[in-house]
Amino acid sequence: MPSQFLNDVRAAMRMRGYSLRTEKTYLLWIKRFIFFTGRRHPADVPVEEITRYLTYLAVELHVTVNTQKVALNALVFLFEKHLKREVGDLGFKLASKQRSLPTVLTQQEVVAILGQLSGRNKLIIQLMYGSGLRVSETLGLRLQDIDLERLALTIFDGKGRKDRQTLLSRHLILPLQDQIELAKAVQAKDVEGGIAPSMTPAQARKYPAAHSSPSWAYLFPSSRHCPHPLTGEICRHHLHPTVVRKFLRVAVLQAGIEDKRVICHTFRHSFATHMLEGGADIRTVQELLGHNDVSTTQIYTHVIGQHYAGANSPLDTL
């Protein structure tokens with residue numbers, strides 16, 4: 001398969017504004033499909049091969065239903081958007097999915113983990129837990145996204161390419177003010193060297209003076225410069241998620257939490273659960289999390305047992 005074909009697929013995704021993460025994931029699944037079909041050009045592959053491949057993923061590789069859906073989305077893009085070939089009703093075998101409840105920390109466990117952290121690292125975890133943010137949303141915060149007066153955070157282009165606002169804890173005002181000053185200092189030094197914070201080409205064209213504006217600086221800037229993945233220009237991106245995962249792993253061990261698998265997303269789960277336990281309306285939590293469907297948010301009612309509202313164990317009456 002000539003590399004030019006994959007370059008054309010990549011260009012088609014960029015033309016439609018797909019995120020770099022989606023681009024990378026889709027290209028991976030398209031490559032795997034090409035190898036599965038004997039390296040034939042997808043234009044010459046029968047549509048039925050999609051069904052055979054997706055069934056193979058479910059039956060032979062036992063992938064999760066979410067993984068299978070990502071592969072399906074990638075192949076639908078390839079055939080319908082790029083090759084202009086109608087896929088229709090595939091009727092493939094879905095992977096079996098067992099419902100699993102998210103891991104949630106107690107408030108005491110959150111306190112224990114935070115007690116092992118300080119400075120920037122502590123603030124990152126506090127934002128994920130206190131505002132229900134994903135790690136990518138936390139690290140992608142720019143100074144203009146933070147409203148200390150209204151105690152609000154604005155998340156631009158979050159998952160599903162949606163914008164939303166969420167709450168901000170008043171306990172983070174002072175730590176945020178300190179971090180903002182540090183970010184401004186980094187930005188000022190970059191301006192002197194002609195270095196800008198990373199922006200999409202569309203943003204750079206729309207806001208040509210943004211590189212010198214502190215408002216566009218990342219709250220958690222990377223410690224070094226890097227080439228922009230689209231333009232190749234040297235810029236400063238935000239902190240990489242692997243940095244957070246590494247210091248979080250150490251903090252969890254130091255806090256003595258051994259019976260739970262704690263990852264960055266655990267704090268978002270804990271935010272939602274503790275909000276509901278505190279009496280917050282489920283629709284409010286849905287909006288703060290940015291869920292399209294309230295059924296996605298309802299999983300947290302199962303964590304705390306609210307789906308049994310009004311029901312008591314018969315043991316309680318003895």
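Keep in mind it's a predicted model, so treat the numbers as computed, not measured.
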Query raised in the report: Any donor-acceptor pair under 3.5 Å linking the side chain of Q203 with the backbone of T200?
Result: yes
Query raised in the report: Would a distance-only check, ignoring hydrogens and angles, find a side-chain to backbone donor-acceptor pair under 3.5 Å from E49 to P46?
Result: no
Query - Beyond-backbone contact of H274 with Y129, side-chain heavy atoms, under 4.5 angstrom - result: yes
Query raised in the report: So, S212 side chain and A209 main chain: donor-acceptor pair closer than 3.5 Å or not?
Result: yes
Query raised in the report: Does one side chain, of H237 or S222, offer a donor that lies under 3.5 Å from an acceptor on the other?
Result: no
Query raised in the report: Side chains of T67 and T64: do they bring a donor and an acceptor to under 3.5 Å?
Result: yes
Query raised in the report: Are the side chain of T273 and the backbone of Y300 linked by a donor-acceptor contact shorter than 3.5 Å?
Result: no
Query - Minimal non-hydrogen separation, C264 against L248, with atom names - result: N-CD2, 3.7 Å
Query - Side-chain heavy-atom pair T154, L141 within 4.5 angstrom cut-off - result: no
Report summary line: With sequence neighbours left out, the residues meeting ring pair (Phe, Tyr, Trp, His ring centres under 6.0 Å) with Y53 are F33, F36
**Report entry** Any donor-acceptor N/O pair, E287 side chain to T284 backbone, under 3.5 Å
**Finding:** no
Report summary line: With sequence neighbours left out, the residues meeting salt bridge (Lys or Arg N to Asp or Glu O under 4.0 Å) with K189 are none
Query raised in the report: If every non-hydrogen atom of R268 is compared with every non-hydrogen atom of L289, which pair is closest and at what distance?
Result: NH2-O, 2.8 Å
Report summary line: Note: with side-chain heavy atoms under 4.5 Å as the link, the other cluster members for L182 come out as none
Report task. Determine yes or no for a side-chain-to-main-chain donor-acceptor pair under 3.5 angstrom, with T166 supplying the side chain and S131 the backbone. Result -> yes
Requested in this report: Please identify each residue that fulfils ring pair (Phe, Tyr, Trp, His ring centres under 6.0 Å) with H82, with sequence neighbours left out.
Outcome: F5
Query raised in the report: Partners of R10 by salt bridge (Lys or Arg N to Asp or Glu O under 4.0 Å), sequence neighbours excluded?
Result: E23
**Report entry** Hydrophobic cluster of L174, others only, ordered by chain and residue number, side-chain cut-off 4.5 Å
**Finding:** none
Query raised in the report: For D147, which residues count as a salt bridge (Lys or Arg N to Asp or Glu O under 4.0 Å) partner, sequence neighbours excluded?
Result: R150
Report task. Assess the side chains of H171 and S169: does a donor N or O sit below 3.5 Å from an acceptor N or O? Result -> no
Query raised in the report: So which of R142, Q187, R236, H238 actually passes side-chain hydrogen bond (donor to acceptor under 3.5 Å, both in side chains) with Y218?
Result: R142
Query raised in the report: If two hydrophobic side chains count as joined below 4.5 Å and joins carry through other members, does L253 share a cluster with I125?
Result: no
Query raised in the report: Can L148 be reached from F220 by stepping across I, L, V, M, F, W or Y side chains whose heavy atoms are under 4.5 Å apart?
Result: yes
Query raised in the report: Taking atom NZ of K246 as the centre, does the number of heavy atoms from other residues, nucleotides or ligands within less than 6.0 Å exceed 12?
Result: no
Query raised in the report: Are any non-hydrogen side-chain atoms of M128 and H265 less than 4.5 angstrom apart?
Result: no
**Report entry** Remaining members of the apolar cluster that contains M199, side-chain heavy atoms under 4.5 Å
**Finding:** Y207, W216
Report summary line: Sorted by chain and number, sequence neighbours left out, ring pair (Phe, Tyr, Trp, His ring centres under 6.0 Å) with F77 holds for Y18
Report summary line: ring pair (Phe, Tyr, Trp, His ring centres under 6.0 Å) filter on H228, not counting sequence neighbours, yields none
Query raised in the report: For the hydrophobic clusters of this structure (ILVMFWY residues joined by side-chain heavy atoms under 4.5 Å, transitively), does one cluster hold both F247 and V252?
Result: yes
**Report entry** For E233, salt bridge (Lys or Arg N to Asp or Glu O under 4.0 Å) partners two or more places apart
**Finding:** none
Query raised in the report: With the 4.5 Å side-chain cut-off for hydrophobic clustering, are V111 and F267 part of the same group?
Result: no
Report task. State yes or no: do I282 and L167 share one hydrophobic cluster built from I, L, V, M, F, W and Y residues joined by side-chain heavy-atom distances below 4.5 Å, directly or via other members? Result -> yes
Report task. Among Ile, Leu, Val, Met, Phe, Trp and Tyr joined by side-chain contacts under 4.5 Å, find the other residues sharing a cluster with L20 and list them by chain and number. Result -> L230
Query raised in the report: Is K84 reaching over with its side chain to a backbone N or O of K81, donor-acceptor style, under 3.5 angstrom?
Result: yes
Query raised in the report: Are I299 and P102 close enough that some pair of their side-chain heavy atoms sits under 4.5 Å apart?
Result: yes
